[in-house]
Amino acid sequence: MNAATRPFRRSRKAAKAAPKAYAPVLQRAIQAHQAGNLGDAERLYGEVLDMQVAQPDALHFLGVLSHQRGRSDEALVLIGSALKITPRHPDAHNNLGNVHKECGRLADAEACYRRALECGPGHYQALSNLAVVLEAQERLDDAFEAYTRLLQQAPGYAHGHYRLGLFLRNHAQNEEHLEQSAECFREAFRCDDRNVRALEGVGIALYMLGRHEAAAEVYRDWLAREPDNPVPRHMLASCGAAEAPPRAADDYVRDVFDGFADSFDEQLLNNLGYRAPEVLMGFLDEVLPSAPASLDVLDAGCGTGLCAPLVRERARQLVGVDLSGGMVDKARARGGYDALEVAELTAWLGARRDAFDLVISADTLVYFGELGPVLSAAAGALRPGGWVGFTLEAIEGEGELAELTSSGRYRHSHAYVERVLQASGFDQITIRPDTLRREAGKPVLGWVVRARCISTTAGG
């Protein structure tokens with residue numbers, strides 16, 4: 001579980017010894033932290049530490065906050081200092097593991113979660129996190145055993161059922177695994193009916209099993225319960241039970257990715273073998289100038305900022321834009337950008353003429369069925385001779401095809417992508433097939449695309 005979402009629990013020893021002088025300040029700091037007022041919380045934790053140096057709860061929670069604000073090295077020091085004072089505090093070990101996990105140090109994270117369980121055998125959040133890092137290390141038998149223990153220990157833990165559903169779907173080897181995945185998602189929703197992403201999980205699993213009408217019925221029931229929710233509306237179209245829109249609606253993308261922000265990197269990088277940023281930048285390296293800090297670069301649909309460290313050295317200026325504020329917050333914490341904005345991509349590009357030398361977009365245009373408007377806007381935002389590079393999910397075949405799939409994403413054919421790029425004012429078009437991620441244990445075929453801007457015309 002992400003460090004930012006862990007409940008605040010003070011060690012009993014520290015709570016009993018808390019002098020009244022700083023206890024009210026600490027309580028206000030915790031309340032501000034829980035409310036997301038990180039600036040106030042950081043100031044108040046500092047006041048506590050001014051009153052009593054090395055107060056362990058203040059050190060621990062200030063460490064969590066530092067990590068939330070992108071200062072992970074500082075977080076390790078602060079939480080480590082708290083653990084020197086209260087070495088058997090399972091929450092602190094768990095949060096130390098969260099910092100390591102989100103920085104990609106999976107073995108260190110595993111050690112922290114195991115220590116948390118030694119100190120608190122009933123700490124089911126640490127057991128859930130242990131399962132996640134075992135899965136990320138591709139120790140699938142160990143991960144499954146940890147998920148099983150988790151649900152034996154905490155059968156009403158909705159997030160545990162949801163995570164096991166994802167595990168079974170991500171690594172499915174047969175139909176039985178998909179059936180089990182669907183039942184896990186159902187149980188997650190029974191345990192917590194606010195977890196509507198579990199309903200999406202049920203629908204996707206059913207569609208993957210070929211039970212299209214059953215999947216549609218899940219989305220119809222959900223839409224009847226929440227008629228203003230954009231997710232079931234889009235997913236109903238994704239399984240062929242409603243007309244597919246030309247692109248995913250803004251409110252759908254925003255809702256999905258705001259809810260996905262905390263676990264995005266973990267799911268894609270660790271559990272789905274996601275490699276689009278590395279593949280895309282390697283492809284563009286073949287044509288970009290080698291001079292450092294020479295390009296004005298836009299990361300279009302920047303997400304959590306996975307492209308930033310790969311392109312930063314080339315960028316004189318690096319700008320990121322994304323529709324999800326939650327994703328932009330994660331990109332800001334990762335760092336590397338000169339500017340970040342929350343905006344709809346096509347309109348944002350259309351307002352910036354001749355502003356960039358390079359526009360990159362990893363796994364964003366999969367939410368566009370019709371590519372003409374966004375690629376024409378990209379051509380207008382590029383200077384002549386500038387490059388666009390992006391990834392898509394692929395349909396094999398000769399015709400011009402674009403279709404919405406059961407995942408809620410679109411797939412495109414080679415012929416369609418090439419024709420739209422030409423119509424949008426690009427030449428030197430190269431479209432290369434590659435595997436960019438896994439889904440249900442199988443590789444997902446994608447296109448890695450680059451093209452040079454020659455002019456701005458109306459898109460097709």
Side-chain angles (χ1 to χ4, degrees), residues 246-248 250 253-254 276-277 280-281 283-285 287-289 291 293-303 305-308 310-312 314-325 327-328 331-332 336-392 410 412 416-431 447-460:
R247 67 178 179 90
D250 291 354
V253 174
R254 188 182 299 110
L280 177 59
M281 288 312 305
F283 193 41
L284 286 166
D285 280 345
V287 296
L288 293 176
S294 59
L295 302 174
D296 292 325
V297 181
L298 172 66
D299 188 355
C302 62
L306 294 174
C307 286
L310 304 175
V311 74
R312 178 67 260 185
R314 293 183 179 277
R316 175 171 54 225
Q317 181 183 48
L318 176 58
V319 178
V321 61
D322 200 282
L323 191 56
S324 165
M327 294 297 233
V328 167
R332 186 172 289 110
Y337 293 91
D338 298 296
L340 284 160
E341 295 194 36
V342 178
E344 191 281 315
L345 182 58
T346 305
W348 192 92
L349 284 165
R352 285 154 181 85
R353 306 290 295 181
D354 299 326
F356 298 102
D357 305 297
L358 174 65
V359 173
I360 58 174
S361 188
D363 222 30
T364 294
L365 301 190
V366 294
Y367 292 97
F368 291 73
E370 295 181 4
L371 295 176
V374 69
L375 290 178
S376 289
L382 281 164
R383 297 164 186 142
W387 289 87
V388 66
F390 54 92
T391 63
L392 296 167
Y410 293 84
H412 301 84
Y416 175 79
V417 177
E418 184 171 43
R419 194 266 300 169
V420 172
L421 281 166
Q422 290 171 343
S424 299
F426 291 94
D427 69 358
Q428 296 191 30
I429 298 165
T430 308
I431 303 172
W447 301 126
V448 190
V449 184
R450 71 182 184 223
R452 189 187 66 162
C453 178
I454 51 173
S455 64
T456 307
T457 66

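Here the straight-line distance linking atom CE of Met327 with atom CZ of Arg254 works out to 13.5 Å at 0.5 Å rounding. The CD atom of Gln428 sits 11.5 Å away from the SG atom of Cys453 when rounded to the nearest 0.5 Å. Taking CG of Asp299 as the reference point, atom OG1 of Thr364 lies at 7.5 Å (rounded to 0.5 Å). Summarising the geometry, atom CG belonging to Leu358 is positioned 12.0 Å from atom CZ belonging to Arg450; distances are rounded to the nearest 0.5 Å. Separating the OH atom in Tyr416 from the CG atom in Leu371 is a distance of 4.5 Å, to the nearest 0.5 Å. Going from atom CZ of Arg247 over to atom CG of Leu345 covers 8.5 Å, rounded to the nearest 0.5 Å.
Side-chain contact between Val374 and Phe390 is absent, with no heavy atoms from C-beta onward closer than 4.5 Å. Annotation: side chain of Ser376 is not in contact with side chain of Val420 (no heavy-atom distance under 4.5 Å). Contact annotation: the side chain of Leu365 never approaches that of Trp447 to less than 4.5 Å [non-hydrogen atoms, C-beta and beyond]. The closest side-chain heavy-atom distance from Leu284 to Val311 is not below 4.5 Å. In this structure the side chain of Val287 never reaches within 4.5 angstrom of the side chain of Thr430, judged on heavy atoms.
Applying the ring pair (Phe, Tyr, Trp, His ring centres under 6.0 Å) definition to pairs two or more places apart or across chains, none involves residues 368-387.
Arg316 is linked by a salt bridge (Lys or Arg N to Asp or Glu O under 4.0 Å) to Asp296, Asp357, counting only residues two or more places apart in sequence or in another chain. Every residue two or more places apart in sequence or in another chain that forms a side-chain contact (heavy atoms from CB on, under 4.5 Å) with Leu340 is listed here: Cys302, Val328, Ala331, Arg332, Tyr337. Asp427 is linked by a side-chain contact (heavy atoms from CB on, under 4.5 Å) to Arg452, Ile454, counting only residues two or more places apart in sequence or in another chain. For Phe356, there are no ring-ring contact (aromatic ring centres under 6.0 Å, His included) partners, not counting sequence neighbours. With sequence neighbours excluded, the residues satisfying side-chain contact (heavy atoms from CB on, under 4.5 Å) with Arg314 are Asp285, Leu288, Leu295.
Taking each heavy atom of Pro277 and Leu306 in turn, the nearest pair found is CG-CB, 4.0 Å. Residues Ile429 and Glu418 share a closest heavy-atom pair of CD1-O, 3.9 Å. For Gly303 against Asp322, the heavy-atom pair with the smallest separation is N-OD2, 2.8 Å. Summarising the geometry of Ala343 relative to Trp348, their closest heavy-atom pair is CB-CD1, 3.6 Å, with the distance given to 0.1 Å. Across every non-hydrogen atom of Val253 and Ala248, the tightest pair is CG2-CB, 3.8 Å.
Salt-bridge formation is detected for the pair Asp338/Arg312: a Lys NZ or Arg NE/NH1/NH2 atom is positioned less than 4.0 Å from an Asp or Glu carboxylate oxygen.
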Going through the distances and angles, do Val449 and Phe426 end up as a side chain to side chain contact (heavy atoms under 4.5 Å, CB included)?
CA-CA 12 Å; Val449 184; Phe426 291 94; over 6 Å; no
